[in-house]
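Since the structure comes first, as C-alpha cells, the remarks are kept for the end.
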Amino acid sequence: PSVVVPVSLVSTFAAMYMLGYSLDNLSLMALTIATGFVVDDAIVVVENIARHREDRRTTAMAAALEGAREIGFTVLSISVSLVAVFIPILLMGGIVGRLFREFAVTLSVAIGISMVVSLTLTPMLCAWLLVPAAVVRRGLFDRLAGGLAGLRAGGCGRPPRAGAPAPSAPRPLARAGRSGDLSLIH
C-alpha cells in the first residue's frame with residue numbers, strides 16, 4: 001500500500017491535468033476521499049496474497065498470481081460499485097452539477113486507477129518483497145519498541161527468571177508514568 005497510494009494519486013493528478021481540471025477545494029476533497037479507497041483496494045489484495053503465501057507454502061510468484069486471480073473480481077466489483085455511486089452526481093444539472101462534476105470525475109478516475117494498480121502493481125510487488133512471517137527478522141525499531149513497551153508495563157522487557165520473587169512495588173518508570181497520568185486529571 002505504501003507504493004500504491006502515491007502511484008494512484010500521481011496518476012490521478014495526471015488525468016486531472018489531461019482533463020483540464022484545477023486543484024480546487026472539491027477536487028482536493030475527492031483526492032482525500034480517494035486515498036481511503038486506494039488503500040482499501042491494495043490492502044485487500046496484499047492480505048489475500050499473504051494468506052496464500054502463509055497457508056499454502058507456495059513460491060512468492062505463485063502466491064501473488066493465485067491471490068490476485070482469486071480477489072480480482074472482488075476488487076473489480078467494489079470499484080464498479082463505488083463509481084456507480086458517483087454517477088448521479090456526475091449527471092446533476094445546473095451550477096451545482098457543474099461544480100460537482102469535477103469532484104465525481106476525479107474520484108471515479110482515482111478509483112479506476114486504484115483498481116488497475118491494485119491488480120497489477122501490488123501483486124508483483126508482493127511477489128518481490130513479501131516474505132513469510134517465519135522469515136521476518138525483528139529490526140532495530142521493533143526491538144526498541146518492544147523494550148520500551150516492557151519498561152512502560154513495569155518490567156525490563158524480559159520474562160522473569162524462574163523462581164524469582166514477584167516485584168512488590170511498581171518499577172520507577174511505571175510509577176512516574178502513572179503519576180504523570182494522574183497529574184493530567186487534576
Side-chain angles (χ1 to χ4, degrees), residues 1-56 58-133 135-136 139-142 144-145:
S2 61
V3 174
V4 173
V5 173
V7 168
S8 296
L9 292 181
V10 168
S11 300
T12 304
F13 278 125
M16 287 173 59
Y17 178 76
M18 288 188 288
L19 291 170
Y21 292 160
S22 64
L23 278 179
D24 57 0
N25 285 338
L26 288 174
S27 62
L28 287 174
M29 184 171 63
L31 290 169
T32 305
I33 293 170
T35 304
F37 295 142
V38 167
V39 170
D40 185 47
D41 286 347
I43 287 174
V44 167
V45 173
V46 169
E47 283 181 351
N48 197 40
I49 292 170
R51 182 180 60 85
H52 275 280
R53 185 93 164 117
E54 294 295 324
D55 293 348
R56 301 207 176 126
T58 60
T59 65
M61 184 61 75
L65 291 173
E66 184 61 30
R69 187 177 301 119
E70 259 184 19
I71 207 77
F73 182 73
T74 304
V75 172
L76 175 71
S77 62
I78 289 171
S79 299
V80 168
S81 64
L82 284 172
V83 170
V85 168
F86 297 107
I87 290 175
I89 295 174
L90 185 65
L91 300 177
M92 284 174 60
I95 302 274
V96 175
R98 289 180 63 188
L99 285 173
F100 279 103
R101 183 170 296 126
E102 186 173 332
F103 171 80
V105 170
T106 301
L107 200 47
S108 298
V109 166
I111 290 168
I113 291 171
S114 165
M115 177 193 64
V116 170
V117 169
S118 293
L119 292 176
T120 56
L121 182 64
T122 302
M124 292 304 102
L125 286 175
C126 285
W128 188 39
L129 299 173
L130 195 64
V131 294
V135 179
V136 174
L140 176 65
F141 181 76
D142 289 335
L144 285 174

Say you draw a straight line from [atom1] of [X] to [atom2] of [Y]; how long is it, rounded to the nearest 0.5 Å?
{"X": "Thr106", "Y": "Phe13", "atom1": "OG1", "atom2": "CZ", "result": "9.5 Å"}
{"X": "Cys126", "Y": "Leu65", "atom1": "SG", "atom2": "CG", "result": "11.0 Å"}
{"X": "Ile111", "Y": "Ser118", "atom1": "CD1", "atom2": "OG", "result": "11.5 Å"}
{"X": "Ser114", "Y": "Leu121", "atom1": "OG", "atom2": "CG", "result": "11.0 Å"}

Where [X] and [Y] come nearest, the two heavy atoms and their spacing:
{"X": "Leu90", "Y": "Ala104", "answer": "N-CB, 4.0 Å"}
{"X": "Arg101", "Y": "Met92", "answer": "NH2-O, 3.5 Å"}
{"X": "Ser108", "Y": "Val83", "answer": "OG-CG1, 3.9 Å"}
{"X": "Ile49", "Y": "Gly67", "answer": "CG1-CA, 4.0 Å"}
{"X": "Met115", "Y": "Asp41", "answer": "N-OD2, 4.0 Å"}
{"X": "Ser8", "Y": "Thr12", "answer": "O-OG1, 2.7 Å"}

Report, as yes or no, whether the 6.0 Å neighbourhood of atom CG on Leu91 holds more than 12 heavy atoms from other residues, nucleotides or ligands.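 Yes.
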Check whether more than 12 heavy atoms from other residues, nucleotides or ligands sit under 6.0 Å from atom CE of Met61, and answer yes or no.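 Counting neighbours around CE of Met61, 12 or fewer heavy atoms of other residues, nucleotides or ligands fall under 6.0 Å, so no.
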Residues which pass side-chain contact (heavy atoms from CB on, under 4.5 Å) with Val39, listed by chain and number, not counting sequence neighbours: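 Once residues adjacent in sequence are excluded, the partners of Val39 under the side-chain contact (heavy atoms from CB on, under 4.5 Å) criterion are Val5, Ile43.
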Hey, does the side chain of [X] reach the backbone of [Y] with a donor-acceptor pair shorter than 3.5 angstrom?
{"X": "Thr122", "Y": "Leu119", "value": "no"}
{"X": "Ser27", "Y": "Asp24", "value": "yes"}
{"X": "Ser81", "Y": "Ile78", "value": "yes"}

For residues Leu23 and Met16, determine if any side-chain heavy atom of one lies less than 4.5 Å from a side-chain heavy atom of the other.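 Yes, side chains in contact.
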With Glu66 via salt bridge (Lys or Arg N to Asp or Glu O under 4.0 Å) - residues at least two apart: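 Glu66 satisfies salt bridge (Lys or Arg N to Asp or Glu O under 4.0 Å) with Arg69 once adjacent residues are dropped.
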Audit row: Val109, Ile113, side-chain contact (heavy atoms from CB on, under 4.5 Å) steps and yes/no: CA-CA 6 Å; Val109 166; Ile113 291 171; 3.7 Å; yes
